[in-house]
There are 2 protein chains.
Amino acid sequence: MNQPLSVSQSQNNVNQTIIASTLNSRARDANLTVVPKTTCPDCRLSDLCLARELDAAGLSDVGKFVRNSKRLRKGQHLFRQDDEFHSIYFIRSGFAKSYINNSGGDEVAVSFFFPGEMIGLDGLHDGRHTASIVALEDTHICELPYKALSKVMASSPGVRERFNALLSRQIVQEQAMTMLRGQKSASDQLKAFLLNLSERYARIRLSPISFRLPMTRKDIAGCLNLTIETVSRLFSQFQEQNLVEVSGREITLTDLQRFNS
Amino acid sequence: MNQPLSVSQSQNNVNQTIIASTLNSRARDANLTVVPKTTCPDCRLSDLCLARELDAAGLSDVGKFVRNSKRLRKGQHLFRQDDEFHSIYFIRSGFAKSYINNSGGDEVAVSFFFPGEMIGLDGLHDGRHTASIVALEDTHICELPYKALSKVMASSPGVRERFNALLSRQIVQEQAMTMLRGQKSASDQLKAFLLNLSERYARIRLSPISFRLPMTRKDIAGCLNLTIETVSRLFSQFQEQNLVEVSGREITLTDLQRFNS
DNA sequence: GCGTATCCTTGACTGGGATCAACGGGGCGA
DNA sequence: TCGCCCCGTTGATCCCAGTCAAGGATACGC
């Protein structure tokens, strides 16, 4: 595992909770590398993906439809730019980022994925993924083969509606990222970025005040089109102003009111 | 009309072509303010929206399903941020932009919509639109009420697949915008922006080399998070370098090779 | 436990784009 | 036709963030 022993309380709680709720009793006793074999209704994040609607259609069992077996170690890729599209994915636990390399070779258009968030829809358009996805830490992924999903949607209005809503959610999330990148100063961009993370932690029922950054300063810089140095300096500056407490990747938003303004 | 008499040849051709192909004989003789009453199969852009698939399902007639009657004058809004979602829209002719006002009141997250492009999906997620849409010139819009569309999708796999592909296309288009905003220098950003416009002109079968910018310098600046002055200076600079010919909003990419590198 | 690589921070300096300002031109309404 | 407003251009100056550099902290392999 890549979690340090001194992991923050909040982060630690998450992993334990998610693991506990996604492992059945047999798996829980076994080695942690055993793939969790659970049905979607047992998953704590089932309200964020297609699980409920698939369950209503009687299709959420492992092996029947959803493959919740994918496990990525830190640094491993789920897929790469130009890979063939065949499935969409949901993060069950862990974090991932997407990136596109420009002609110069550096990563532009970096964005991040939290538990419950959908990955891979960029590939539907013309059959190939337009971005690469890499795990930021050990990450569990649920896979839904698109062809099968498409068949289910033919007969299940609930799954269909939910799928469209999720697509829309992704568009809105992209808009939100575009908005925060559109802030005038680097300081405002980073504040908006942290607030965005805060909201997404809240959505998976984690503290929006105190959390651990899943990504490096370099990833943040890439996402905001800034340099590592600027991001680092801003964190120091926020700390001086008592806006946040920063300790490596541990973040506490001490004054959310003032942070918003 | 807001088209100046000195409108570029290419742009002029478009409007004429689209108008000619979308007016039936009765309407063509009447005042131009008469709403075109045509079926989707007659539309030059039918391969870009849902028209073909709706047609296959026997649903593309005016009044039966698609409302192709909306007409926006320059500066008019299609909808505004927080308005209730009930339809998705396609641009039949003209151009529009979306924008979101941040807390400071200025427009951030500006993006643009070309003929054949889909608008409004941001509202599906939670029933309200997250951005405002305004016409950049006189613009015709096709409206598809979402509830009706949803019913059609229940019975027509073709429409369903196409709709998902269009959603994916939008996500990819957003990614492309994020990529060009992620360029390091303002110069590279504007070059990438112009190339993006060029591609989109090509998609509607217009010259990718010589075209008219539908938006102001201010809109471009808003889209790229730059100032008007910087955009203006860059255009002058490109012209000095013989990369483009600029005359107001008329653009000619004289050296596409060198522009790409 | 040690060595190495990556991550992160901080400082000094530079430069690209923002800001402030002035002005010409075109569209449009009175 | 006049006058106003918005659009676009250009110049002078300033400042925020990039660049270059050094060194400490942390993670991870052997």
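Below, read A as the first sequence line, B as the second, and so on, with proteins coming before strands; counting in each chain starts at 1.
- Straight-line distance from the CD atom of B:Gln183 to the C1' atom of D:dG18: 16 Å, rounded to whole Å.
- As judged by a 4.0 angstrom heavy-atom cut-off over every strand, B:Ser232 is placed among the base-contacting residues.
- Side chains of B:Ile251 and B:Glu245 form no contact here, defined as non-hydrogen atoms less than 4.5 Å apart.
- The pair A:Lys74-A:Glu137 does not count as a salt bridge, with every side-chain nitrogen at least 4.0 angstrom from each carboxylate oxygen.
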Verdict with supporting geometry, A:Glu117 and A:Arg203, salt bridge (Lys or Arg N to Asp or Glu O under 4.0 Å): CA-CA 10 Å; A:Glu117 295 182 358; A:Arg203 194 157 56 199; 3.1 Å; yes
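- Rounded to whole Å, atom P of D:dA27 lies 16 Å from atom CG of A:Leu136.
- For the residue pair B:Ser207/B:Ser210, the side-chain donor-acceptor check at 3.5 Å is not satisfied.
- Between A:Phe235 atom CZ and C:dC7 atom P there is a gap of 15 Å when expressed in whole angstrom units.
- Counting to the nearest Å, the C1' atom of C:dC8 and the CE atom of A:Met215 are 16 Å from each other.
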Test log, rule salt bridge (Lys or Arg N to Asp or Glu O under 4.0 Å), inputs A:Lys218 and A:Glu107: CA-CA 10 Å; A:Lys218 188 180 175 186; A:Glu107 295 178 5; over 6 Å; no
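- Remark: P of D:dA17 and CG of A:Leu190 are 11 Å apart, rounded to the nearest angstrom.
- Ring centers of A:Phe114 and A:Phe95: under 6.0 Å apart, within the cut-off.
- We find that CD1 of B:Ile228 is positioned 15 Å from P of D:dT10, with the value rounded to whole Å.
- In this structure, the helix from C:dG1-D:dC30 to C:dA30-D:dT1 shows an angle of 50° between the axis at its start and the axis at its end, each fitted on 5 base pairs and rounded to 10°.
- Using modelled atom types and a 3.5 Å distance limit, the side chains of B:Asp122 and B:His129 yield a donor-acceptor pair.
- A salt bridge links B:Arg73 with B:Asp138: the distance from a Lys NZ or Arg NE/NH1/NH2 to an Asp or Glu carboxylate oxygen falls below 4.0 Å.
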Protein-to-nucleotide contact annotation, 5' to 3' order, nucleotides 18-24 of chain C [B base; S sugar-phosphate only; - none; under 4.0 Å, heavy atom]: SBBB---
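- Rounded to whole angstrom, the span from the CG atom of B:Asp219 across to the P atom of D:dC6 amounts to 14 Å.
- Taking atom CD of B:Glu250 as the reference point, atom C1' of C:dG26 lies 15 Å away to the nearest angstrom.
- Judged by distance alone, the side chain of B:Thr139 and the main-chain N or O of B:Ala135 form no donor-acceptor pair under 3.5 Å.
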